[in-house]
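As a basis for the values below, the full set of heavy atoms in this structure was taken, side chains included, without hydrogen atoms, waters or symmetry mates. Numbers restart at 1 for each chain; the letters A, B, ... are given by sequence-line order, proteins then strands.
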Amino acid sequence: MAQPARAVQPAAKRPRLARGRRMYANRGLYLMLLPVVAYFLIFEYKPMYGAIIAFKQFNAYAGIADSPWVGFQHFERFFESYYFWRLLKNTFLLSLYSLLFIFPAALVFALLLNELRHKKLKSVVQTISYLPHFISLIVICGMIIDFTKPGGIINSALLALGVVDSPIQFLILPEWFRTIYVGSGLWQSVGWNSIIYLAALSGINPSLYEAAVIDGADRWKQLLHITLPGILPTVLILLILNIGQLLNIGWDKIILLYNPSTYPTADVISTFVYRRGIMEADYSFSAAVGLFNSVINFTLLLAANRISRKATKTSLW
Amino acid sequence: MKIAQRFPVKMLSLVLLLALVLSACSNSGGNNGNGDAAQSNGGNASATDNASEGGADTRDVGGLAVPIVQDPLTLTLWSPSGGNFRGTNFNEKLSFQQMEANTSIHIDFQHSTDASAEAFSLLMASGQLPDIIYSDAWGTESSKYGSQGALLPLEELIEQYAPNFNKILNDYPDVRGQITSPEGHIYYLPNLVLDAENLTQMFPQIRQDWLEQLGLEMPTSTDEWYEVLKAFREQDPNGNGEQDEIPLVTVSLENIMMLFAPAFGVEYGFFVEDGQVKYGPADERFEDVVTYLNKLYSEQLLDPNYLVDTTFQTLTEKVTTDVAGAWFGWSGSYMGNFTTLMEGKHDTFALAPVLPPAGPDGTQRHVSFRWQAGPHGLAVSSRTEHPEEVIQWLDYQYSEEGILLNNFGVEGESYDVVDGNPIYKEAVTNPTNGLTNTQELLNHTIGGGSWATVADPRYAEQIRIANGQTDNPLELYSDYIDFDAKLPPVQFSAEESAAVVPLMADIQTYAAEAVNAAIMGRDPVGNYDQVIEQLNKMGIEEVLRNYQTAYDRFKGN
């Protein structure tokens, strides 16, 4: 990472004309960059114009430009909604618990895998661990429903072990929803999320380990003083990015698992918007809520980035 | 090497060429066949209604001249496929092929395999509409999209170009009211059921053999239902020695509510009492419903998994594994289907329809019925370039010829005419290809119950009899239907909608949560007055005011 940056620096001091020549010399690279830039312009920046329907009463047949302005009406409606605070709290908690449990679990799992000497065993474990990532969400939720039913394997096991006297209605009791959501999320994504750490781990210079061994460091010391500092920037960047997604909780899994009885803990902003915005075709309202989400997420991202930069000198920018 | 590389390319192009030629052959073959059928059918039709007018090449179908166009025309139509419609492209159905031959209008079906409200909403929001749009929610959605300018107002076109549909509107004035928007426009042509005794939709069904096994009488009141369900739970009617019976199963709380709530004078939603629109969960009497269901739930008479097992598949599984005792369902897809599935697999399996239960004060009402004009049907895009041809094609669906095609398919293929009546062929009523007869029929046509056409009562009757049900269960309920107590398909103006939609989003969330919590005993049942209080706080009165306005306007139509 550091090397190319140093190589560029002296070049920057050259006269302006040189930049054009340099670009021409690297035209192949720029050509390869072009599709990515085009992608972002077309699919990420141009649609932002549509976000203005959050301040309009959108009518598909009048078009975005000709729909009447309504100011902050949709935002007010959302904030005044009886369930606003509950939705915010549920969204926040589900995200936070996912982050709290899944994020470190993936890291620990990657570290454990890294310590495995047996190459074959390592790749088998890794493959098995990220397989759930490829199972369709519908199937995952079907499995969760079957497992957690009275008469499902979880209840049968609990009964057999004498932990409970009668089966627990996991999916009907609101107090269980977050556990089920995060627990199944753990199973779904630990293997997959650990891949990026494994990549970072393989980037650590082996000579550091050799030097440590000569200095008499055991494996625990190596982990503390070489491995962890080596991947810390990756971990922090991922953490910052994750915090920037805190309110963007996927609604599809919740829609498939919740019911009116678990609304008190399971109903989140996106599921509410789904029932209210998409089903009722109230797109301006959905856009307003989406915009609100993005503003909060962006603020969180900025804050996390700033803290990280101050504390560890690692940051996104 | 070179030859080996070239060879597959040559082979491939040869195969492609062959495929092209073959498909061309089969296409022209198909067309020829259609053409012949069309001619013979045309001959029949003009022979029966000999009011033929127009040019030499057209004939008269109830006042509509067909073919509708001289030069073939293509119109586009959006509709979900699969599911109740069966098939991935409606042009594979013989009825639509025949229709194309008769009208010279080719329909380019744009199908969505996803029949959800979401898929429909997204289509409508795209602003890119085909000529004709199917929806099962036009009853409530058409005025919204109509006032946005998405749909074409059809009332004048109907007068001018749709003699068949216009005749129905004149013969059945109620239908006109049921499909007219607040501004007085007609934005869609609905599915129609014109005979009153077939308006019943779902109804209570019970394992008759279980009743006999335990020596029980058919339940007639809510108290007797409780006793019967309790006996089902405790006396092992399936005789396997285990207490695995789930006396009452359902795919949704709504169905259970339709079974029991009317006995207590209310419904789980909006209903009308003495001309006043009311919302069930905000009514004092709803506490009795919740108390009753709480009793069923706590004694495990109501499926403890009713909130989780919400698919028809899980319900079917419970019925076919001989553990389910009663449910609230359709005649065909529940009663008929289950009977067929259990044929030869169970010695005594027998289902019987049950009359709606009487409540503590004797109230006995059946609420699961439809209006003559269904909420499902076809609407027309405001941007269509062929409004006249579109309305004529739609009108054809309601002509005698169109009704036969949509309900029975093509004469000689799926039915024969015997003594002036269409009778399904044996291959349709008792198919040997592993399909149920409803499925086999849907290979031939679209089905009179789900399309913008008139549902022919002879269609349901013949299928029912082929399934071994000689009595029409739907007729049982005609006496218990109160048309004045059901909220008609009222449509809101834009302002009313803007007031109702946001309030109802919260109210529905709250009502579903509170009612389920009370049924499951998470909230003490005695606290129901607090639920009503909360609903009042959330603005149910303003919602009801808007409903009342819409209802009064509807009644004034």
Is [X] atom [atom1] crowded by more than 12 heavy atoms from other residues, nucleotides or ligands, each under 6.0 Å away?
X: B:Phe312; atom1: CZ; answer: yes
X: A:Ile138; atom1: CD1; answer: no
X: B:Gln243; atom1: CD; answer: yes
X: A:Trp176; atom1: CH2; answer: no
X: A:Phe79; atom1: CZ; answer: yes
X: A:Tyr45; atom1: OH; answer: no
X: A:Glu175; atom1: CD; answer: yes

At a heavy-atom separation under 4.5 Å, does [X] approach chain A through its side chain, its backbone, both, or neither?
X: B:Ile519; result: neither
X: B:Met124; result: both
X: B:Tyr510; result: both
X: B:Ala125; result: both

- Give the minimum heavy-atom separation between A:Asn59 and B:Gln148, together with the two atoms involved.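 Scanning both residues completely, I find the closest heavy atoms to be ND2-O, 3.3 Å.
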- Item | Minimum-distance pair of heavy atoms, taken over all atoms of B:Pro304 and A:Gln169 |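 Looking at all heavy atoms of both residues, the shortest contact is O-NE2, 3.2 Å.
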Among [options], which residue has the highest count of heavy-atom pairs closer than 4.5 Å to chain A?
options: B:Gly127, B:Ala517, B:Pro502, B:Ala137; value: B:Pro502
options: B:Gly149, B:Ala514, B:Ser126, B:Ala150; value: B:Ala150
options: B:Lys537, B:Gln128, B:Arg383; value: B:Arg383
options: B:Arg522, B:Met520, B:Glu513; value: B:Glu513

Measure the spacing between [atom1] of [X] and [atom2] of [Y] and express it to the nearest 0.5 Å.
X: B:Ser381; Y: A:Tyr61; atom1: OG; atom2: OH; answer: 7.5 Å
X: B:Thr310; Y: A:Asn259; atom1: OG1; atom2: CG; answer: 8.5 Å
X: A:Leu171; Y: B:Leu307; atom1: CG; atom2: CG; answer: 10.0 Å
X: A:Phe84; Y: B:Asp506; atom1: CZ; atom2: CG; answer: 12.0 Å
X: B:Asn305; Y: A:Ile172; atom1: CG; atom2: CD1; answer: 6.0 Å

- Message: Which one wins on heavy-atom pair count under 4.5 Å against chain B: A:Tyr83, A:Phe78, A:Tyr263?
- Response: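 Option with the top pair count is A:Tyr83.
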- Task: Go through the side-chain N and O atoms of B:Thr509 and A:Arg275 and say whether any donor and acceptor fall under 3.5 Å apart.
- Result: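 Per modelled atom types, B:Thr509 and A:Arg275 side chains form a pair under 3.5 Å.
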- Contact part of A:Leu173 toward chain B, heavy-atom cut-off under 4.5 Å: side chain, backbone, both or neither?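 Both backbone and side chain of A:Leu173 come within 4.5 Å of chain B.
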